[in-house]
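Naming: A, B, ... by sequence-line order, numbering from 1 per chain.
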Amino acid sequence: MNSLFSADGLTGLVFLGTIATTVVGAIIATNSVRLIRAVVGLAICFIGVAALYYFLNSPFVALMEMLIYVGAVCVTIAFAIMLAEPHPEKQVGKNNALAGVASLSVGAMLFWGLTVLARNTNWKAAVSVANDGSMREVGKSLLTTYSMVFELISVVLLVAIIGALVLARQGREKA
Amino acid sequence: MNLLNISNNLETYLIIGAFLFGMGFYGLLQRRTLIGMLIAAELILSGASINFMAFNRFLAPDPTVGQIFTLFIMAIAAAEASIALSIVIAVYRNYRSIDTEDIVELKG
């Protein structure tokens, strides 16, 4: 039992704040009526997830999470909302109450089942650990063991960029 | 278990990942706009990423594998978001709406 004001206690407090950030962000992202608020909730949730990655000993992935998700994906979704914002009065109260309850129960059942599974499984740690998982080791195996996948991912991203341009340009004269 | 020591425990991260997955699934079913569904799908993907990172930290014999897999999930999610948003823009141009109830041209 450590005290609240030791180094471990402060770390625990920061971790609780991280969990709260993630949970509140996810709730805002799924429940707010206006879509632009949902995007802000998504960004808050991703900031919490990046802090979780930092707690999991990988500052590199935490940095990438901030850069890609908060910096790129959320901003792209915000631009799409500005281009295609639905009428706010149209979506208020139109949702079927039964559908809301049903989807909430489906989500709650998934959460409950996964939680029970995680708590009741006897997880076995690895006998020996090959390296320390630092950024240097990640870079090494990204360019040796996983170099093929790395190249394939870059091809996928290139095709996605071209496909997005083609899809968004089509029918532009009509508008 | 002390509440301040939960950051060093595998189950904490698995439960957070399960929460994000459940919230994402709830949002995917409950949202009635295409962009709202895309936001919920991003939540599902980040729940999966948290699970990968937690197993990578606590159980994996080689602690770079989970990090690299998470980076690949991020790349796939970025590609998915860009394609899905351009489809949303194209749908909005044709229907003047991103409501899933309005896109019913093929309905019999």
- Task: Please state whether the side chain, the backbone, both or neither of B:A81 comes within less than 4.5 Å of a heavy atom of chain A.
- Result: side chain

- Go through B:L28, B:V88, B:L10 and name the one with the most non-hydrogen pairs under 4.5 angstrom from chain A. B:L10

- Out of A:L117, A:V159, A:N31, A:V39, which one racks up the most heavy-atom pairs below 4.5 Å with chain B? A:N31

- Message: Within this structure, what is the CD1-CG distance for the pair B:I35 and A:L35, rounded to the nearest 0.5 Å?
- Response: 6.0 Å

- Evaluate the criterion side chain to side chain contact (heavy atoms under 4.5 Å, CB included) for residue pair A:R119 and B:L14; output intermediate values, then yes/no. CA-CA 9 Å; A:R119 291 194 69 95; B:L14 293 186; over 6 Å; no

- Message: Counting heavy-atom pairs under 4.5 Å with chain B, which one of A:V14, A:L157, A:I161 comes out on top?
- Response: A:L157

Please tabulate, for side-chain N and O atoms in residues 37-56 of chain B, each donor-acceptor pair with protein atoms closer than 3.5 Å (sequence neighbours left out).
unit_1: B:S46; atom_1: OG; unit_2: B:L43; atom_2: O; d: 3.0
unit_1: B:S49; atom_1: OG; unit_2: B:L45; atom_2: O; d: 3.0
unit_1: B:N56; atom_1: OD1; unit_2: B:G66; atom_2: N; d: 3.3
unit_1: B:N56; atom_1: ND2; unit_2: B:P63; atom_2: O; d: 3.2

- Task: Step by step, work out the side chain to side chain contact (heavy atoms under 4.5 Å, CB included) result for A:T115 and B:F19.
- Result: CA-CA 8 Å; A:T115 305; B:F19 177 77; over 6 Å; no

- Atom group of A:L42 that falls short of 4.5 Å from chain B, counting heavy atoms: side chain

- Note on the structure: Closest non-hydrogen atoms of B:R31 and A:A38, given as atom of the first, atom of the second and distance, are NH2-CB, 3.6 Å

- Query: Does a side-chain heavy-atom distance below 4.5 Å link B:I16 with A:V49?
  - Reply: no

- Interface moiety of B:T70 toward chain A, non-hydrogen atoms closer than 4.5 Å: side chain

- chain A contacts, top residue of B:P61, B:A79, B:G27 (heavy-atom pairs, under 4.5 Å): B:P61

- Query: With chain B, which of A:S103, A:G107, A:A160 has the greatest number of heavy-atom pairs at distances under 4.5 Å?
  - Reply: A:S103

- Message: Under 4.5 Å from any heavy atom of chain B, what part of A:V106 do you find: side chain, backbone, both or neither?
- Response: side chain

- Should A:T145 and B:I68 count as side-chain neighbours, where that means a heavy-atom distance under 4.5 Å? no

- Tell me, do B:F69 and A:V149 make a side-chain contact under 4.5 Å, heavy atoms counted? no

- Between B:L59 and A:K124 the two heavy atoms that sit nearest each other are CD2-O, 3.4 Å

- Determine, using the 4.5 Å side-chain heavy-atom cutoff (strictly less than), whether B:I87 and A:V166 are members of one ILVMFWY cluster. no

- Query: Does any non-hydrogen side-chain atom of A:L114 lie less than 4.5 Å from one of B:F21?
  - Reply: yes

- What about B:F72 and A:L152, same hydrophobic cluster or not, with Ile/Leu/Val/Met/Phe/Trp/Tyr joined at side-chain heavy-atom distances under 4.5 Å? no

- Message: Between B:Y95 and A:L167, is there shared hydrophobic-cluster membership here, with clusters defined by ILVMFWY side-chain heavy atoms closer than 4.5 Å?
- Response: yes

- Query: Using non-hydrogen atoms only, which part of A:S154 is less than 4.5 Å away from chain B: side chain, backbone, both, or neither?
  - Reply: neither

Please list every donor-acceptor pair under 3.5 Å in which a side-chain atom of residues 56-82 of chain A meets a protein atom from a residue at least two apart or in another chain.
unit_1: A:S58; atom_1: OG; unit_2: A:Y53; atom_2: O; d: 3.4
unit_1: A:T76; atom_1: OG1; unit_2: A:A72; atom_2: O; d: 2.5

- Look up atom CG in B:L29 and atom OG1 in A:T30, then write down how far apart they are to the nearest 0.5 Å. 11.5 Å

- Query: Do other residues, nucleotides or ligands put more than 12 heavy atoms under 6.0 Å from the CH2 atom of A:W123?
  - Reply: yes

- Report whether B:L20 and A:I27 are members of the same hydrophobic cluster (ILVMFWY, side-chain heavy atoms less than 4.5 Å apart, transitive linking). yes

- Query: How long is the gap from CG on A:L142 to OG1 on B:T64, to the nearest 0.5 Å?
  - Reply: 9.0 Å

- Task: Could you tell me whether the side chain of A:L110 reaches within less than 4.5 Å of the side chain of B:Y26, counting heavy atoms only?
- Result: no

- Item | Flag side-chain contact, heavy atom, 4.5 Å: B:M23 against A:V23 | no

- Find out if a path of hydrophobic residues (ILVMFWY) with successive side-chain heavy-atom gaps under 4.5 Å connects A:V116 to B:I15. no

- Query: Would the A:F15 and B:Y13 ring centres measure less than 6.0 Å apart?
  - Reply: yes

- Item | Heavy-atom side-chain contact between A:I153 and B:L71 under 4.5 Å | no

